[in-house]
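Okay, so here's the structure we're looking at.
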Amino acid sequence: MASSLSFSDFPEDVQLCILSFLSPTEIATFSCTSKRFVSLCTSDSRLWFTMCERRWGSKTQINKWVKGAVTYRHLYRTLSEWENLIGIWRRSGPGSASISSPSLLFFEWWDTCISGFRVSPSTNGSYGVVKAPFLWMGLSDDGQIVNLLDPDGRSEVSAPEFAAVPANGEVGLTENELIPVNLSFMGRTHFVVEENQSFAAANSSSCSSDQKRNGFSRSMSPGNLSGDEYGSVGEDVSGSPGSLPDRLMSEIYQHLANRTSPGSDKSRKQRRREKERLAKRKWEPEHFVKIENCSPTPSRPLQGLWKGICDDMNLAFYLVVYDDIGGIACRRVGDPPERFSNYAPVFWTSKTTFLETPFSLEEETLYDSRLHIRPHQTSFEIQEQFHLSDVEVVNPFQQLHLSGNEVVKRILHISSSYDLVIPDAAGMINPRSGEGRIWQYHNDTFGFGFLCDNFVIDMKHIFRNGCIVDIVNP
Amino acid sequence: MSGISDTERMITLKTVEGTLFDVKSSIAKDLKTVQAFIDDSDDDVTSPIPLPNVFTRELSRILDYLNNHHRFRSGIEKADEEMARYDAEFAKSMSHEELKALILAANYLNVKDLLEFLNQTVADVIQNKSVEFVRNFFGIENDYTPEEEEKLRNENEWAFNGVEQD
């Protein structure tokens with residue numbers, strides 16, 4: 001047989017195809033093998049384009065992200081990090097009361113950007129879900145990362161133009177009042193969104209030439225105008241958060257964020273500048289945490305995000321989480337802290353062993369006598385649906401019953417978190433007052449209720465196949 | 001021979017060593033170079049088509065791959081699983097040299113899917129391996145001076161973490 005084939009024996013198409021299956025690390029390794037292949041490894045429109053296309057081509061329009069001076073290599077690096085955003089996140093912490101900060105975020109791929117939507121229950125008493133724009137993440141012509149935040153979610157649901165900030169530093173509001181922000185990761189399941197008040201500082205002369213060469217400078221935090229407060233240029237962005245809500249958070253940050261400059265030795269002038277900057281903020285920093293398990297699985301059928309109409313006839317979102325020791329807990333998502341403390345679950349149990357059919361008479365009675373809380377239906381709709389006479393429509397209890405109760409497949413005992421135990425008329429405390437049930441239905445949704453009342457709150461899926469269902473206009 | 005449908009027609013191919021292979025025309029369609037030759041000859045191909053760059057070992061493997069994939073695709077259930085298993089075995093059955101030779105043959109014959117599969121297989125082999133391994137595998141001569149190589153290594157220090165030992 002002929003002597004060993006070498007890489008040079010392959011036509012360039014084949015060479016590029018092989019390289020396009022590798023990760024950036026391996027491309028770097030390959031470029032170390034010989035000078036002859038360095039240009040191959042840096043060929044942007046052929047190699048790096050193919051790498052982007054291979055990894056994300058089915059999800060977005062790779063060629064539309066790149067205009068002007070942006071390289072596909074830069075795009076690869078950016079998308080590798082942003083890809084982690086896709087999915088569902090919840091706000092961590094109570095959220096600033098004055099500005100509408102979303103409690104649930106859903107990130108998805110668009111053609112030219114990644115967009116994050118706020119997901120909230122509709123307020124029209126139905127099971128509808130409102131999906132409004134919150135964050136748009138893209139690249140400008142010169143490769144700057146441009147993240148734009150929509151504070152009120154009122155803007156058009158279409159991707160904005162990702163214009164770079166002009167050199168004179170004037171960051172006026174765009175037509176839809178979008179605010180430039182920084183999104184910094186702290187690990188894979190936590191990020192912070194902060195206003196980028198001094199986007200311009202990235203273009204000023206205080207920026208080192210290295211930062212300019214990179215085309216963007218995410219490691220520059222907003223606000224601090226003296227560039228020399230910052231650590232080395234090559235610092236990975238996941239470590240430098242910048243502006244902080246308060247002193248305590250600052251300390252937690254420093255612990256987690258590996259900042260190189262302590263910040264406690266600021267001069268008086270810098271402190272004053274900091275104060276002025278904070279006063280002009282339109283958006284307070286918010287933290288978000290990823291919800292990893294947002295859908296049920298065969299072994300965890302109650303897991304994930306659900307929506308249900310609770311006893312005040314409003315739609316609410318719930319998150320059911322399985323812990324490591326075989327228990328589950330359910331919390332409402334997005335309540336203001338006054339209403340429910342963040343740590344008190346709606347229901348919980350430490351044992352997830354279901355009762356199977358046939359059920360005892362006691363259990364059957366417990367379920368059959370309950371009213372399922374359903375969205376308001378107009379009389380007309382009910383009449384249409386159930387062919388009722390006028391007399392029947394008038395009876396409100398019948399209305400609640402007639403919506404076709406689901407058939408129960410299995411039952412689970414649960415407890416509520418309410419420590420509030422109300423003695424009955426005789427002054428006795430019923431030990432079962434916190435007890436409740438989950439009724440799992442054949443269509444794999446479930447309902448829950450407590451012994452102390454007579455309702456069932458039916459839970460439905462918020463997401464199906466990765467998409468939000470029942471979207472309504474706000 | 002007007003009664004015979006297209007899919008039953010046989011094409012004969014001749015390798016470098018002179019071995020003849022009879023191939024169904026439906027399979028020959030996947031060998032785009034061959035198909036182009038057939039199209040150019042106005043479908044009038046009676047004598048064996050010579051393939052001056054292709055050895056018997058490679059053509060045999062390529063035809064094996066194509067025949068199996070056609071068979072899987074025409075089956076109804078579990079085609080994906082079967083195909084994946086076959087592909088894995090196919091890749092493992094070759095030495096590195098044979099793999100490289102097959103790439104050249106598949107490239108010459110323009111067998112797109114197979115070529116992509118082989119390229120991915122090669123990429124998998126060099127995945128996470130050191131610079132020396134890649135050089136050896138591909139027969140690449142190092143033309144960096146020791147100083148240049150040291151400098152490169154330092155610049156790409158982050159890239160060398162997690163690389164397997166040879």
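We use all heavy atoms of the structure for the numbers below, so side chains are in, but hydrogens, waters and symmetry mates are not. Note on naming: letters A, B, ... go to the chains in the order of the sequence lines (proteins, then strands), and numbering restarts at 1 for each one.
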message: Taking NZ in K35(A) as the centre, count heavy atoms belonging to other residues, nucleotides or ligands within less than 6.0 Å. Is the count above 12?
response: yes
- request: Take atom CG of D22(B) as the centre, draw a 6.0 Å sphere, and report whether it contains more than 12 heavy atoms from other residues, nucleotides or ligands.
  value: yes
message: Counting neighbours of NZ on K290(A) that are heavy atoms of other residues, nucleotides or ligands and sit closer than 6.0 Å, is the number greater than 12?
response: yes
query: In Å and rounded to the nearest 0.5 Å, what is the CG to CG distance from D13(A) to N107(B)?
result: 7.5 Å
query: Any side-chain heavy atom of F10(A) sitting closer than 4.5 Å to one from F138(B)?
result: yes
query: Quick one: does R36(A)'s side chain have a donor or acceptor within less than 3.5 Å of a partner on D143(B)'s backbone?
result: no
- prompt: Is there a donor-acceptor pair closer than 3.5 Å between any side-chain N or O of E26(A) and the backbone N or O of N128(B)?
  reply: yes
Straight-line distance of L5(A) CG to E98(B) CD, nearest 0.5 Å: 11.5 Å
field: Minimum side-chain heavy-atom gap S130(B)-T29(A) below 4.5 Å
entry: no
Gap between atom CG of D9(A) and atom NZ of K100(B) - 0.5 Å precision: 8.5 Å
field: Under-4.0 Å salt bridge between E116(B) and R54(A)
entry: yes
query: Below 4.5 Å, heavy atoms only, C-beta onward: do N142(B) and T33(A) meet side chain to side chain?
result: no
query: With a 4.5 angstrom heavy-atom cut-off, which part of E148(B) approaches chain A: side chain, backbone, both or neither?
result: side chain
Passing option when I140(B) is tested against S8(A), S6(A), S34(A) for side-chain contact (heavy atoms from CB on, under 4.5 Å): S34(A)
Greater than 12 external heavy atoms within 6.0 Å of N67(B)'s CG: yes
task: Search all heavy atoms of I18(A) against all heavy atoms of A123(B) and return the closest pair with its distance.
output: O-CB, 3.7 Å
query: If you measure from CD on Q120(B) to CG on L22(A), what distance do you get to the nearest 0.5 Å?
result: 10.0 Å
- prompt: Do the side chains of N119(B) and F21(A) get nearer than 4.5 Å, heavy atoms only?
  reply: yes
- prompt: What part of E149(B) is in contact with chain A, defined as an atom under 4.5 angstrom from a non-hydrogen atom: side chain, backbone, both or neither?
  reply: neither
